[in-house]
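When a ligand or atom number is given, it counts from 1 through the structure's own listing order.
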Amino acid sequence: MSALAAKPQPGNTVRVVLEARKIVKSYGHVVALDGVDFDLRAGEILAVVGDNGAGKSTLIKTLTGAVVPDSGEILLDGQLVHFKGPLDARHRGIETVYQDLAVAPALDIPSNLFLGRELLSSGILGSVFRRLDKRRMREGAAAAMAELKFRLPSINSLVENLSGGQRQGVAVARAAVFASKLVIMDEPTAALGVRETGQVLELIRAIRDRGLPVVLISHNMPNVFDLADRICIMRLGRRAAVVSPKTHTMADVVGIMTGAIKVEGG
Ligand SMILES: Nc1ncnc2c1ncn2[C@@H]1O[C@H](COP(=O)(O)OP(=O)(O)OP(=O)(O)O)[C@@H](O)[C@H]1O
Ligand SMILES: [Mg+2]
């Protein structure tokens, strides 16, 4: 079994959207990331798996500006970037969804979708009085949900009246609407039931099919095998291997994760 099973065939050109080289991040004596390489290709869902403490969240945080690495390089569309905070990454088109349901329950769906990026009325009403253009936000929210084929009771529902899956759907849709380069999700279905998870997985697929690559951290192997184009396996702060679900089994992936299967360079 080769760790390079997911390598493209010669002649196929693969565009790398986001790349990290030799990322190191320590917390005191704990080396969370020990020289990690990473690449996300155009048009793919890349799953990131690994045991607790393997460094998945820390890696993702360095890619979204939430953590500044001690050393290493990050390239977006081949250009070196130095994110100093999450807003830097957002401005460059990277959106992130976290496992805790990051929505405002007391607001309706359009207000949640445009939270922090509200559309203002035209003219002096917007520029001076900061009046919100509720109609444009409602239309935008409805169009986004329709494009992603995500069914909701009514676009005017308050988010507190939605199920957990529907709420997370709103958070995922928000990321999809504002991301221009890629979407990163850290355990987006961890708090959800089986049916609700299914809805969110469909949404992730819709985002990929719409042309945005997705990085998906998950502990759920069946979900990973169902969705991912490639699987990046983290172990002890390193990337142990990148495999394809077409050539590797769940047992292979778990074996590499736990160290039971040794991989060249891993
Ligand atoms: N802010 C922090 N301060 C100190 N140590 C940290 C911090 N963040 C992460 N670590 C440590 O770095 C290592 C990697 O943690 P990380 O959260 O990236 O793992 P993970 O793969 O996301 O795990 P999980 O599956 O449990 O979410 C762990 O040993 C963790 O304790
Ligand atoms: Mg984590």
Side-chain angles (χ1 to χ4, degrees), residues 3 18-40 45-74 82-89 94-103 164 168 171-172 175 182-192 197 200-201 204 213-228 230-243 245 248 250-263 265-266:
L18 184 66
E19 185 179 356
R21 295 177 186 159
K22 304 212 171 353
I23 301 288
V24 174
K25 176 69 194 174
S26 301
Y27 293 102
H29 294 301
V30 178
V31 183
L33 300 175
D34 188 10
V36 176
D37 292 324
F38 174 91
D39 68 297
L40 174 70
I45 295 175
L46 176 71
V48 178
V49 303
D51 226 335
N52 296 115
K56 305 180 296 294
S57 295
T58 308
L59 171 64
I60 263 44
K61 285 178 187 163
T62 66
L63 303 176
T64 63
V67 161
V68 178
D70 301 336
S71 61
E73 292 180 336
I74 297 171
H82 299 278
F83 299 142
K84 297 207 172 46
L87 269 183
D88 283 352
I94 301 176
E95 288 287 326
T96 313
V97 180
Y98 295 98
Q99 72 179 63
D100 34 17
L101 305 167
V103 286
Q168 192 62 312
V172 172
L182 61 122
V183 178
I184 296 180
M185 306 193 200
D186 194 348
E187 299 274 2
T189 60
L192 306 182
T197 295
V200 173
L201 298 186
I204 294 171
V214 176
V215 180
L216 173 71
I217 298 186
S218 177
H219 278 110
N220 186 316
M221 282 299 152
N223 287 171
V224 164
F225 271 75
D226 192 18
L227 271 186
R230 291 190 308 150
I231 305 171
C232 165
I233 308 170
M234 300 281 298
R235 177 171 154 69
L236 305 176
R238 294 193 171 178
R239 180 169 75 171
V242 182
V243 303
H248 289 65
M250 286 190 211
D252 293 335
V253 171
V254 172
I256 296 170
M257 251 172 72
T258 57
I261 299 176
K262 294 280 175 238
V263 199

Task: Per atom 18 (O) of ligand 1, closest listed option by heavy atom (I60, T62, I217, T58) - done: T58
- [ ] Only heavy atoms count here, so choose which of S26, G53, A32 is nearest to atom 23 (O) of ligand 1.
- [x] G53
Task: Structural part of L59 in contact with ligand 1, heavy atom criterion under 4.0 angstrom - done: neither
TODO: Please confirm whether G55 comes under 4.0 Å of ligand 1, counting heavy atoms of the residue only.
DONE: yes
Is [Y] close to [X] at the side-chain level, that is, under 4.5 Å between some pair of heavy atoms?
| X | Y | answer |
| --- | --- | --- |
| I233 | R239 | no |
| L192 | V200 | yes |
| K56 | H219 | yes |
| P245 | I231 | yes |

- [ ] Under the side chain to side chain donor-acceptor pair (under 3.5 Å) rule, collect the residues that match up with D88, sequence neighbours excluded.
- [x] none
- [ ] Examine A54 against ligand 1 and note whether any of their N/O atoms are separated by less than 3.5 Å.
- [x] yes
Sub-4.0 Å atoms of ligand 1 with respect to non-hydrogen atoms of [X]:
| X | answer |
| --- | --- |
| N52 | 23 (O), 24 (P), 25 (O), 26 (O) |
| H219 | 25 (O) |
| D51 | 21 (O) |

Task: CA sep, side-chain torsions, deciding dist, call: S57, D186, side-chain hydrogen bond (donor to acceptor under 3.5 Å, both in side chains) - done: CA-CA 7 Å; S57 295; D186 194 348; 2.9 Å; yes
Task: Salt-bridge contact D34-K22 (side-chain N to carboxylate O under 4.0 Å) - done: no
Open item on the list: Taking 2.8 Å as the cut-off, does N52 contribute an N, O or S atom near the Mg ion (ligand 2), distance below it?
Closed with: no
